[in-house]
Amino acid sequence: MKQSLENVRLTEWATGAGCAAKMCSRDLSEILASLPKSQDPNLLVGLETSDDAGVYKISDDLALVDTVDFFPPMVDDPFHFGQIAAANALSDVYAMGARPVTALNLVGFPVDDLDGQVLQEIIRGSKSKLDEAGVALVGGHSIVDKEVKYGLSITGLVDPAKAVTNGGAKTGDSLIFTKPIGVGIINTAVKRGGADPAMVTAAIASMTQLNKAASECMLDAGVQACTDVTGFGLLGHAQEMAKASGVSLELDHTAIFTVPGSLELCADGFKPGGLENNRLSFADVVNISPEISGAFEDLLFDPQTSGGLLIAVAEKAAVGLLEKINGAQEMQASIIGRVTPGNDCAPLVTVS
Ligand code: CO
Ligand code: CO
Ligand code: CO
């Protein structure tokens, strides 16, 4: 008997959950390190810098921005899963300051065990977000799989001179972050049946929110560097920005929002496997004040699905940008820290 749309619990069809299923950063770097680098002069941003998307120059004022993201479900409702997958995939293009234009579906689906209507709902949810973003769904590829997996490859356009990378943060810049952290913890609790409905609603509201308005606002404000925060957690992506920019980041933990319920669930032991991988990968390059609680420290490493944009912008433009972002959408953006000079001995990210 196939499981129907009415009684499907999507997270039962996955071993991992969302971006927490990502391969660990260390493993990935080891695997990719020895591969030959591309010699194509038009490849402006490639694998080397841990940026969110590749940038490929077509002409002097036009470049393609290419990215792909897919994962097993982190929520039980197929429509929401589709919305989250689309918001998450689009986010890499928004982080690069580009305009997404086309999308391709990537599908793994247990078609013998699960009703096709479930997949229809996933794609319907995804399409609703692509419509909101003004992006055309142009096709896709599906394989039969034991687990449900879904995601998208997104192509965007940008003026190569205006592409935003994670490598442009300057000493003195302010750091804005646009979403609360902790959705990985909530998603883990969902999978184990431990999250209450209000927490799940809050996490879904955050994960389905597009980073579109935040991206447009940051471009107007003269953004220096940006990345979106996903599987490697806030600290993982922050240290990538610090490394790529040759600076250090100082974060104020009291300015970082958390999804309601995530600290409590974390203290109760609902931790995604990816959280410990992130701690192992990044603990050496970050410094967290001992005054910060264990649960909050965990959240700093929590793998986010469809997380916020981490934006470095000149200090004098930061408050104006923050107001614009929070005014454009019901965003929970805040100024979470600042950029300081980098040096070989200092940690890449300090949290106090
Ligand atoms: Co990204
Ligand atoms: Co990505
Ligand atoms: Co094909």
Side-chain angles (χ1 to χ4, degrees), residues 16-25 28-29 32 44-56 63-71 74 84-100 103-104 106 129 133 135 150-156 158 163-169 175-181 183-184 187 206-212 214-215 218-219 223-245 249 272 274 277-278 281-282 300-312 333 349:
C19 284
K22 221 171 166 173
M23 275 178 71
C24 150
S25 169
L28 201 58
S29 342
L32 299 177
L44 304 181
V45 178
L47 276 175
E48 288 77 29
T49 57
S50 313
D51 255 300
D52 294 299
V55 181
Y56 191 88
L64 293 178
V65 176
D66 289 319
T67 180
V68 59
D69 256 303
F70 70 109
F71 41 45
M74 73 303 291
I84 292 164
N88 180 71
L90 289 164
S91 178
D92 280 329
V93 176
Y94 290 134
M96 306 291 295
R99 182 171 65 89
L104 293 163
L106 294 146
K129 284 289 153 183
V135 169
Y150 177 73
L152 305 104
S153 165
I154 308 281
T155 299
V158 75
V164 181
T165 68
N166 63 3
L175 294 166
I176 292 177
F177 185 53
T178 67
K179 289 188 184 184
I181 54 173
V183 296
N187 294 340
S206 177
M207 290 186 287
T208 55
Q209 198 164 43
L210 292 182
N211 283 323
K212 179 177 195 281
S215 175
M218 78 177 186
L219 289 171
V223 53
Q224 311 263 40
C226 180
T227 186
D228 67 334
V229 170
T230 54
F232 300 145
L234 178 58
L235 287 185
H237 292 280
Q239 67 83 36
E240 281 179 347
M241 178 182 282
K243 200 188 289 173
S245 302
L249 308 186
N277 280 341
N278 287 342
S281 298
F282 310 121
L300 295 168
F301 292 105
D302 181 40
Q304 303 301 285
T305 298
S306 189
L309 297 182
L310 178 64
I311 300 166
V349 186

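Count residues from 1 along the sequence. Each ligand, and each atom within it, is numbered from 1 in the order the structure gives.
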- Query: Quick check: does Asp228 put an N/O/S atom under 2.8 Å from the Co ion (ligand 1)?
  - Reply: yes
- Query: Considering residues at least two apart in sequence or located in another chain, which fulfil the side chain to side chain donor-acceptor pair (under 3.5 Å) criterion with Ser91?
  - Reply: Asn211, Asp228
- Sequence neighbours excluded, which residues qualify as side chain to side chain donor-acceptor pair (under 3.5 Å) partners of Glu240? His237
- Rounded to the nearest 0.5 angstrom, the OG1-CG distance for Thr305 and Asn88 is 6.5 Å
- Atom name, Asp52 (N, O or S, nearest to the Co ion (ligand 1)): OD1
- Message: If you consider just the N/O/S atoms, which atom of Asp92 is the closest one to the Co ion (ligand 1)?
- Response: OD1
- Taking the side chain as C-beta and beyond, is there a heavy-atom pair between Tyr94 and Pro100 under 4.5 Å? yes
